[in-house]
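Report on one structure; see the data block that follows.
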Amino acid sequence: MTRIVVRPYGIANAERLQQGGLHPVMARIFAARGLQDQRELQSELNALIPPPGLLHIDAAAVYLADAIAAKKKMVIVADYDCDGATACAVGLRGLRAMGAEIDYIVPNRFEYGYGLTPEIVALAIREKSPDIIVTVDNGIASIDGVEEANRRGIDVVVTDHHLPGDTLPAARVIVNPNQPNCGFPSKNLAGVGVMFYVLLALRAEMRKRGIFDAATQPKLDSLLDLVALGTVADVVKLDANNRILVAQGLKRMRAGRMHEGVAALFRAASREARKASPFDLGFALGPRLNAAGRLADMSLGIECLTTDDPGRAWQIAQQLDEINRERRTIEADMQETALTLLDSFNPQNKTTISVFDAGWHQGVIGIVASRLKDKFYRPTITFADAGDGWIKGSGRSIAGFHLRDALDLVSKHAPTLIDKFGGHAMAAGLTIRADAFDAFSDAFETVGRDWLDDNQLERVLETDGSLESAYFTTQFIELINNQVWGQGFAPPVFCDEFRVVNQRILKERHLKLTLEKDGQQFDAIWFGNSTSLPGHARVAYRLDANEFNGRTRVQLLVEHAEAA
């Protein structure tokens, strides 16, 4: 069941924002998202929180500047998702621009799993013989890997944003806004954001040393298209600081000032970079890069983001597009199997879902978990065979259920059940023995029963209430589209009662509607829904400017509807 609710907001707050010059509806929307001050909407780079607020970032800058001066050989160990790939590309491009001798290695997720493991250290030594390892988007949990590097005389610089465990690795320096005692106000930087900050601090240190001045220093803003892509694709909260990074990246894309690989990904996804939006990054470019890490090898994605040859970038972008098509096919098959396995699943009796099939693809279980979570609105973990009697799980959660903490609790109650785990509130991964699947499912369900009540298990669609008829205009849509919306800063959804004038089903999957309010009629579409509506309906919708035959008209994208 889905319940439509209206977001509350402070009227005084909205009035203050409106007096500051904001459109009255936009003032209300921002107030409902907790904005107190118009300055939180700034999108210029000089409004970014300065790097020194990040714990140990100055030590990292000094260490890296010394290493560059001493011509030390560095290797980046990247993660195999879009955040990891963009963070790696930002690190490579930025550090090379500062004069570093640097290469990278990205673990194959099926052979080595996640993070800086002792095996990855051995591989890095064998293939690249580095003096220094720099982790991006991983490393905060790599106790053994860092120990192995230290044992072999290699320093490790950890740049990460994941939540730390009880102990930190004995790295030379750790930069992570989520490590203990770090007072950085934005805990939501993605891995690529942390790497970008490290570069800003390093450049400042090199200016201090007289290596660069304001005129000769590398232009790090040229990396913002990559920073925006990784930030949106990793679904971190778009707080004020992240919104600046994303807004600046989008601005570069729309102006055509992006890296060849990013431009090629827009083309491969049939999207127009001059109209780039967070939606494009999250649902068109991000999945194509992620597909490489899921099915093949993320070094393909990293090469796409680091080549300056447009021909090569286009060649790789087409390959990534092909891999993404294959991923979709595999995903559809897996989803079908999952729904068969969950045929007798009754959401009334269960608070969580754990599901395993021996034929599933390890690289795609996370997406299937996400789809099942959306369908049943339950914290979901899907497992695939990982060989030698082990299975790997990938989980996705719902609001109010911290997935990593839940796995931590399971592991404290039954210390032998989980081999290893890690992640965030909304997404996590783990490894268990195949024969422990039932025991794990029961233990996970026990946590679900303890933590979740009926209200939390009901999907709630938050809306911004009614929209006055005067604002159903393309000008108002443009106002909305000028803002950066995304995770934790949801795009506006309005809710009104309409008369249903007309409805028909398109391609057996979507409902095409004509809706009427205050004597005005609007085209509307409800994607993925083929159930027809009664004559009067309460509709939650987003506004969309639909271009057709050279004309732009307002269209409503239905999120949910019910009888009025």
Side-chain angles (χ1 to χ4, degrees), residues 79-85 106-111 113-114 229 232-235 261 264-271 279-305 313-343 345 353-376 380-387 391-396 427 429 505-510 525-530:
D79 185 19
Y80 40 67
D81 67 357
C82 186
D83 186 19
V106 60
N108 180 309
R109 77 195 293 163
F110 311 113
E111 268 181 78
Y114 169 78
L229 174 54
V232 172
D234 213 46
V235 204
L265 285 167
F266 269 103
R267 267 177 70 199
S270 306
R271 299 277 185 176
F279 184 86
D280 293 328
L281 306 187
F283 294 93
L285 277 67
R288 282 168 173 77
L289 274 174
N290 274 328
R294 290 185 187 285
L295 300 191
D297 179 354
M298 192 37 117
S299 48
L300 196 61
I302 293 168
E303 193 193 337
C304 184
L305 301 176
W314 175 234
Q315 204 181 355
I316 300 172
Q318 287 174 293
Q319 259 178 288
L320 293 173
D321 189 54
E322 199 47 53
I323 296 168
N324 193 47
R325 284 172 208 270
E326 187 190 337
R327 185 268 305 167
R328 279 194 204 138
T329 309
I330 293 170
E331 181 199 327
D333 290 347
M334 285 168 64
Q335 219 172 311
E336 207 173 301
T337 308
L339 291 173
T340 309
L341 290 171
L342 294 169
D343 199 24
F345 177 79
I353 294 174
S354 303
V355 63
F356 162 62
D357 186 88
W360 280 349
H361 193 297
Q362 256 188 63
V364 186
I365 46 176
I367 306 181
V368 175
S370 185
R371 302 281 190 258
L372 294 173
K373 180 267 297 179
D374 288 346
K375 184 175 172 62
F376 295 106
T380 300
I381 303 181
T382 45
F383 289 88
D385 187 17
I391 58 176
K392 272 194 180 151
S394 184
R396 297 294 182 271
I505 290 165
L506 286 183
K507 298 182 182 170
E508 300 176 3
R509 289 197 337 185
H510 316 301
I525 188 159
W526 189 355
F527 288 112
N529 172 76
S530 52

Gap between atom [atom2] of [Y] and atom [atom1] of [X] - 0.5 Å precision:
X: Ser530; Y: Leu506; atom1: OG; atom2: CG; value: 11.0 Å
X: Gln315; Y: Leu300; atom1: CD; atom2: CG; value: 9.5 Å
X: Leu285; Y: Asn290; atom1: CG; atom2: CG; value: 11.0 Å
X: Thr382; Y: Trp360; atom1: OG1; atom2: CH2; value: 6.0 Å
X: Lys375; Y: Leu339; atom1: NZ; atom2: CG; value: 6.0 Å
X: Thr380; Y: Asp374; atom1: OG1; atom2: CG; value: 9.0 Å

Nearest non-hydrogen partners of [X] and [Y], listed with the distance:
X: Val232; Y: Gly282; value: CG1-N, 3.7 Å
X: Ala296; Y: Ile323; value: CB-CD1, 4.1 Å
X: Gln362; Y: Asp385; value: NE2-O, 3.5 Å
X: Gly366; Y: Ser394; value: CA-OG, 3.2 Å
X: Ala268; Y: Ala317; value: CB-O, 3.7 Å
X: Ala384; Y: His361; value: CB-C, 4.2 Å

Would you say that [X] contacts [Y] through its side chain, given a criterion of any heavy-atom pair below 4.5 Å between the two side chains?
X: Ile353; Y: Ile381; result: no
X: Glu322; Y: Gln319; result: no
X: Pro287; Y: Arg328; result: no
X: Val355; Y: Phe383; result: no
X: Phe376; Y: Leu342; result: yes
X: Cys304; Y: Leu320; result: yes

Q: Output, in order, the C-alpha distance, side-chain angles, deciding distance and verdict of side-chain contact (heavy atoms from CB on, under 4.5 Å) for Leu305 and Leu289.
A: CA-CA 10 Å; Leu305 301 176; Leu289 274 174; 4.0 Å; yes
Q: Carefully, step by step, assess Ile330 and Leu295 under the rule side-chain contact (heavy atoms from CB on, under 4.5 Å).
A: CA-CA 10 Å; Ile330 293 170; Leu295 300 191; 4.0 Å; yes
Q. Between Tyr114 and Arg109, does a side-chain contact (heavy atoms from CB on, under 4.5 Å) hold up when you go through it step by step?
A. CA-CA 6 Å; Tyr114 169 78; Arg109 77 195 293 163; over 6 Å; no
Q: List the steps, then state whether side-chain contact (heavy atoms from CB on, under 4.5 Å) holds for Met334 with Val364.
A: CA-CA 9 Å; Met334 285 168 64; Val364 186; 3.9 Å; yes
Got a donor-acceptor contact below 3.5 angstrom from the [X] side chain to the [Y] backbone?
X: Asp83; Y: Asp234; answer: no
X: Arg294; Y: Gly363; answer: yes
X: His510; Y: Gly528; answer: yes

Q: Could I get the full list of side chain to side chain donor-acceptor pair (under 3.5 Å) partners for Arg288, not counting sequence neighbours?
A: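 For Arg288, the residues satisfying side chain to side chain donor-acceptor pair (under 3.5 Å) (neighbours in sequence not counted) are Asp321.
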